[in-house]
Amino acid sequence: MMKEKENEEKLANAKKALQTATERSQSMRTHHEAQMKKMQQKLDAAQKKLEALASTAAAESVQQEEQHKDALAAAAIRARHEASAREDELKEQLANARLEIIKFQGAFYTLVPIRPR
């Protein structure tokens, strides 16, 4: 009977230890699940931010490309306009130079009489 009582006591202690271990294990599991849930939420938030940044970066890239294209077009227009203005200026200078030559030739021939041979 003593042995039986001792065995029952050991069994009760073992059950108590098992219960304590089960409760601790459940507590740790609950704690880890809560941590995993928080980490998953942070991961989801970071993923959304990353997607938003990628979308913004793509939009900014397209906008920068458009601005660059517009700047190149404006530069080409300015270059054509400047070339045209320079061409007009050179044509005017050429016309003035020709006029000066004609004036010089006319003045030269009025100063130097042409003798018949």
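Quantities reported herein were computed from a predicted structural model and do not represent experimental measurements.
Annotation: the span from Gln64 atom CD to Gln67 atom CD amounts to 7.0 Å, rounded to 0.5 Å. Rounding to the nearest 0.5 Å gives a distance of 11.5 Å between OG of Ser61 and NE2 of His68. The CD atom of Glu8 sits 9.0 Å away from atom NZ of Lys5, with the distance rounded to the nearest 0.5 Å.
For the residue pair His31 / Gln35, a side-chain donor-acceptor distance below 3.5 Å is found, with atom types taken as modelled.
For Glu92, the salt bridge (charged side-chain N to carboxylate O under 4.0 Å, His left out) criterion is met by no residue, not counting sequence neighbours. Arg98 meets the salt bridge (charged side-chain N to carboxylate O under 4.0 Å, His left out) test with no other residue; sequence neighbours excluded. Remark: Arg29 engages Glu33 in a salt bridge (charged side-chain N to carboxylate O under 4.0 Å, His left out) (not counting sequence neighbours).
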Identify every side-chain donor-acceptor pair in residues 82-90 under 3.5 Å, counting partners at least two apart or on other chains, and give the distances.
| from | atom 1 | to | atom 2 | distance (Å) |
| --- | --- | --- | --- | --- |
| Arg86 | NH1 | Glu89 | OE2 | 2.7 |

For residues 38-59, tabulate all N or O donor-acceptor pairs below 3.5 Å that involve a side-chain atom, not counting sequence neighbours.
| from | atom 1 | to | atom 2 | distance (Å) |
| --- | --- | --- | --- | --- |
| Gln40 | NE2 | Asp44 | OD1 | 3.0 |
| Gln47 | NE2 | Glu51 | OE2 | 3.4 |
| Thr56 | OG1 | Ala52 | O | 2.8 |

Going by atom type alone, with no hydrogens or angles, which donor-acceptor pairs under 3.5 Å involve a side-chain atom of residues 12-28 and a protein atom two or more places apart or on another chain?
| from | atom 1 | to | atom 2 | distance (Å) |
| --- | --- | --- | --- | --- |
| Asn13 | ND2 | Glu9 | O | 3.4 |
| Gln19 | NE2 | Glu23 | OE2 | 3.0 |
| Thr20 | OG1 | Lys16 | O | 2.9 |
| Thr22 | OG1 | Leu18 | O | 2.7 |

